[in-house]
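Worksheet for the structure shown next.
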Protein chains: 2
Amino acid sequence: MAHGHLDLLLLGVLRRGGPLHGYAVIAGLRDASGGEFDLPEGTVYPALHKLERNGFVRSDWSIVDGRKRRLYALTGTGRAALAAKKKEWAMFRSGVDAVLA
Amino acid sequence: MAHGHLDLLLLGVLRRGGPLHGYAVIAGLRDASGGEFDLPEGTVYPALHKLERNGFVRSDWSIVDGRKRRLYALTGTGRAALAAKKKEWAMFRSGVDAVLA
DNA sequence: CGCCATACCTAGATAATCTAGGTATGGCGC
DNA sequence: GCGCCATACCTAGATTATCTAGGTATGGCG
């Protein structure tokens, strides 16, 4: 469903909303995209873990509303990666549009 | 490299250029996209075969410039599929852009 | 006549994403 | 106070898409 642009979307939604937990990432993506991206947990959680392994996000367990949640936040590296991926996306997008024009 | 939109690109390039053979599809995609999509043969040929199995393109062997080439052309079904995939692309595109906005 | 670009192809590897499970807990209705 | 549902997290394995790395054949050029 995210067709190879999942990392971009995850980094993007984290940049908008500040620290978010997994479920909120899914909900944020669904809302921000107008329902276009309603990703399964089994897609999002492993992807967040990979982003953390790569140093693009950092996570902390905290208790919000009396519930344990793992909050994900962008790192500096992640912000830079987001900027790079946004450029790639812009090129990809105009490449596709050019072929379809 | 085509991140899940390969079929769209192949159908799109065939719509622009009329019947094309495999190599010309690759070159057409490279040129039309301004170099963004320079796909390996091992990606394009199997994808064209799959499009043909699905009835989206039709192929005929012919001799062009004294060389055997398999020319691919859009079918009616393929044209409809292209229209549908263009709509999907537009939604995908605005979904991503909305998340990044 | 040998080589290179063109032209076609497939098998197997790799990578991304999804399916289908599993666990735990807070709050709500009864 | 108990059962259930939504929230919240997770992983293993399957699936799918795409790429890598090969292979073959031929026309034209030096």
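Computed from a predicted structure; not experimentally measured. Chain letters run A, B, ... following the sequence lines, proteins first and then strands; every chain starts at 1.
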Using purine N1 to pyrimidine N3 plus N6-O4 or O6-N4 for Watson-Crick, or N1-O2 and O6-N3 for G-U wobble, both under 3.5 Å, which nucleotide pairs with [N]?
N: C/dA15; result: D/dT16
N: D/dC29; result: C/dG2
N: C/dT23; result: D/dA8

* Heavy-atom side-chain proximity of B/Leu14 to B/Leu20 below 4.5 angstrom -> yes
* Do A/Val57 and A/Leu10 have side-chain heavy atoms sitting under 4.5 Å apart? -> no
* Side chain of A/Ala2 only, please: which of D/dT18, C/dT17, C/dA7 is the nearest? => C/dT17
* Taking the side chain of A/Arg69 as heavy atoms from C-beta outward, which of D/dT18, C/dA7, D/dC9 is closest to it? ->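 Out of D/dT18, C/dA7, D/dC9, the nucleotide with an atom closest to A/Arg69's side chain is D/dC9.
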Looking at every strand, decide which applies to [X] at a 4.0 Å heavy-atom threshold: base, sugar-phosphate, or nothing.
X: B/Gly4; result: sugar-phosphate
X: B/Tyr72; result: sugar-phosphate
X: B/Arg67; result: base
X: B/Gly42; result: base

To the nearest Å, how far apart are [X] [atom1] and [N] [atom2]?
X: A/Ile63; N: D/dT7; atom1: CD1; atom2: P; value: 19 Å
X: B/His49; N: D/dA17; atom1: NE2; atom2: P; value: 16 Å
X: A/Tyr45; N: D/dA8; atom1: OH; atom2: P; value: 8 Å
X: B/Lys50; N: C/dT10; atom1: NZ; atom2: P; value: 15 Å
X: A/Leu6; N: D/dT16; atom1: CG; atom2: C1'; value: 15 Å
X: A/Leu39; N: C/dC18; atom1: CG; atom2: P; value: 6 Å
X: B/Leu48; N: C/dA7; atom1: CG; atom2: P; value: 14 Å
X: A/Arg70; N: D/dA8; atom1: CZ; atom2: P; value: 15 Å

* **Pairwise 5' ranking along DNA chain C for B/Thr43 and A/Thr43, keeping only the more 5' one** => B/Thr43
* Name the residue closer to the 5' end of DNA chain C, choosing between A/Asp7 and A/Glu41 according to the nucleotide with the nearest heavy atom. => A/Asp7
* Asked: B/Val13 and B/Gly28: which non-hydrogen atoms are nearest, and at how many Å?
  -> CG2-C, 3.8 Å
* To do: Check whether the side chains of A/Arg70 and A/Ser59 place a donor and an acceptor atom closer than 3.5 Å, and report yes or no.
  => yes
* To do: Run the ring-centre check on B/His21 versus B/Tyr72 and record whether the distance is less than 6.0 Å.
  => no
